[in-house]
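Inspection log for the structure reproduced underneath, given as structure tokens.
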There are 2 protein chains.
Amino acid sequence: MTGEARARFERIYTLLRERICLLDYPPGMRLREEDLAEEFDTSRTPIRRVLARLEDEGYLRSVHGVGTIVTDIDIASLEQVYRLRVELSELIGKLSPIEPDEDAKRAFAGMKTRCEALVRTPSQRAFAQLNMDFFHLLMTLTENEPLQEFSERLYYQTTRIWLKRAAGEDGTEETLASEIGFFLREVSDIAAAVACGALESVGQIRRAHVAMSFARLKERAGEEVEAGPL
Amino acid sequence: MTGEARARFERIYTLLRERICLLDYPPGMRLREEDLAEEFDTSRTPIRRVLARLEDEGYLRSVHGVGTIVTDIDIASLEQVYRLRVELSELIGKLSPIEPDEDAKRAFAGMKTRCEALVRTPSQRAFAQLNMDFFHLLMTLTENEPLQEFSERLYYQTTRIWLKRAAGEDGTEETLASEIGFFLREVSDIAAAVACGALESVGQIRRAHVAMSFARLKERAGEEVEAGPL
DNA sequence: TGGTGCTGATTTGTACACAACATCGTTGGC
DNA sequence: GCCAACGATGTTGTGTACAAATCAGCACCA
């Protein structure tokens with residue numbers, strides 16, 4: 001696969017993955033190859049190429065005669081993914097870190113501004129988008145491509161589940177506001193570390209926040225078990 | 001994809017990946033979809049599904065009108081992959097380690113025996129196979145699936161290149177014997193650590209050996225640049 | 001002699017028809 | 001009324017023909 005075909009593949013792949021992460025395609029949703037083929041004005045074949053990759057990476061599961069379903073993750077698997085993600089987070093500052101230039105520093109400052117605006121007018125959707133943009137900005141701090149790739153995998157797998165439980169339909173408006181507050185602190189801390197070029201600190205701060213984020217998620221899940229109907 | 005289709009997919013995928021890692025398909029080799037289809041008694045379609053995954057994971061590169069070529073890796077990319085691999089190696093003992101039972105301990109002891117036999121009658125092929133088996137045995141020490149998956153990716157990507165340069169046609173018989181010697185020490189050390197259930201030590205020993213292995217690789221590459229025809 | 005364009009062969013990428021399979025409603029027997 | 005078998009419908013998996021792209025060889029000309 002090369003040239004134009006490759007470009008189209010990447011375009012569709014990135015778009016579908018984003019839809020999954022932002023919960024436009026929530027866990028359990030059924031996709032139809034033919035619908036996607038029509039949307040992207042092609043046949044099923046190239047679509048199936050994309051879906052195959054998304055399935056290999058664990059976002060989807062195709063079942064013969066039924067459809068391709070967006071996966072959900074049980075809390076046990078999520079814990080495994082999170083533990084690894086915590087470890088990898090720290091490596092941003094240790095493996096081939098890129099000294100941030102003025103543009104990069106401005107970009108982090110801009111993130112903080114967006115986040116402050118979000119605190120004033122909370123929105124689940126805007127939060128999800130900001131969270132994702134911030135992640136991608138973080139990734140520009142290392143030039144270690146395998147680390148980038150694996151971090152992306154872990155990010156997309158965990159964040160969509162986290163988003164669903166912490167700030168989605170399951171959660172209240174208070175939990176959304178609370179999570180945005182925590183996120184503002186993370187962005188502020190990291191922006192400050194970037195501003196003085198302390199990339200190792202960036203990794204450590206990120207690591208701490210990812211770990212805390214998961215701890216809150218588990219705590220909330222525990223409450224549900226106690227109070228919930230299930 | 002499910003049931004029988006899934007099983008066939010996994011079978012072909014695993015086999016082809018092993019061929020790539022063991023250098024049956026050396027870097028630069030061109031594969032033909034139709035040949036593979038014939039070998040596995042099916043059409044191009046399921047084969048393409050496998051090749052797509054191998055391409056996504058970086059082992060192959062399909063070029064329209066040319067063929068699918070086994071990839072090579074430049075020393076710079078290899079360095080990035082190795083750095084990450086060094087970090088992940090240590091995590092075996094830290095993320096959901098599984099306390100080895102008697103069978104597991106025997107398996108590690110058996111590896112040591114095989115390795116000692118290999119010292120007496122060196123063989124590039126047998127070394128490659130043993131190295132791979134040992135890796136898979138190591139992976140049984142953690143139940144963290146994402147860690148297993150990522151470790152596998154990094155292992156297969158680096159080992160085939162390492163094997164080619166350190167013990168393949170490029171290397172002399174002395175380097176092969178030397179590498180087998182180093183490997184015996186690694187296997188011995190790790191088997192000892194496993195025997196007393198010190199999984200954290202297993203990770204640290206492994207980390208050290210992976211790092212040293214890459215250091216030797218780079219040193220040898222440096223010599224080539226000085227002495228070689230290129 | 002060297003270079004340039006063409007043509008045929010080869011190989012991957014795409015489209016489409018059909019097979020395999022799962023689901024659900026219906027119908028018949030009891 | 002209930003349950004089981006069956007068929008209709010919808011969806012993914014497979015096979016195959018064809019399109020698109022690359023490359024090597026060769027003829028042809030300056």
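Residue numbers start from 1 in every chain, and the chains themselves are labelled A, B, ... in the order their sequence lines are given, proteins ahead of strands.
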Assign [X] to base, sugar-phosphate, or nothing according to its heavy-atom contacts below 4.0 angstrom with the strands shown.
X	value
A/Arg8	sugar-phosphate
B/Arg6	nothing
B/Leu31	sugar-phosphate
B/Thr45	base

My understanding is that only residues two or more places apart in sequence, or in another chain, count here; which of them pass salt bridge (charged side-chain N to carboxylate O under 4.0 Å, His left out) with A/Glu145? none
Under 4.0 Å between a side-chain N or O of A/Arg30 and OP1 or OP2 of D/dT11? yes
Using a cut-off of strictly less than 4.0 Å, decide whether A/Arg32 has a side-chain nitrogen or oxygen near OP1 or OP2 of D/dG10. no
Spacing of [X] atom [atom1] relative to [N] atom [atom2], expressed in whole Å:
X	N	atom1	atom2	answer
A/Glu34	C/dA15	CD	P	13 Å
B/Arg61	D/dA21	CZ	P	17 Å
B/Leu60	C/dG13	CG	P	11 Å
A/Phe40	C/dA15	CZ	C1'	18 Å
A/Glu33	D/dT14	CD	P	11 Å
A/Arg49	C/dT14	CZ	C1'	13 Å
A/Leu51	D/dG13	CG	C1'	13 Å
B/Arg48	D/dT12	CZ	C1'	18 Å

Do the charged groups of [X] and [Y] touch, with an N to O distance under 4.0 Å?
X	Y	answer
A/Glu39	A/Arg19	yes
A/Arg83	A/Glu79	yes
B/Arg220	B/Glu179	yes
A/Arg49	B/Asp56	yes

Go nucleotide by nucleotide along DNA chain D from the 5' end; which of B/Thr42 and A/Glu4 gets its closest nucleotide reached first? B/Thr42
Scan residues 64-72 of chain B against DNA chain D and write down, sorted by residue number, each residue with any heavy atom closer than 4.0 Å; if none is found, say none. B/His64, B/Gly65, B/Val66
Of C/dT14, D/dT12, D/dT14, the nucleotide closest to the side chain of A/Ser62 is D/dT12
Which sits closer to the 5' end of DNA chain C, A/Val63 or A/Asp41, going by the nucleotide each is nearest to? A/Asp41
Take A/Arg44 and A/Met1, find for each the nucleotide of DNA chain C with the closest heavy atom, and name the residue whose nucleotide sits nearer the 5' end. A/Met1
Test the A/Arg8-A/Phe40 pair against the cation-pi criterion, namely NZ or CZ under 6.0 angstrom from the six-membered ring centroid and within 45° of the ring axis. no
Would you kindly check if the NZ (Lys) or CZ (Arg) of A/Arg85 is within the cone defined by 45 degrees around the ring axis of A/Tyr155 and under 6.0 Å from the six-membered ring centre? no
Would A/Phe134 and A/Phe183 count as a ring pair (Phe, Tyr, Trp, His ring centres under 6.0 Å) if you check the C-alpha gap in whole Å, the side-chain angles of each, and the deciding distance to 0.1 Å? CA-CA 10 Å; A/Phe134 183 67; A/Phe183 186 59; 5.6 Å; yes
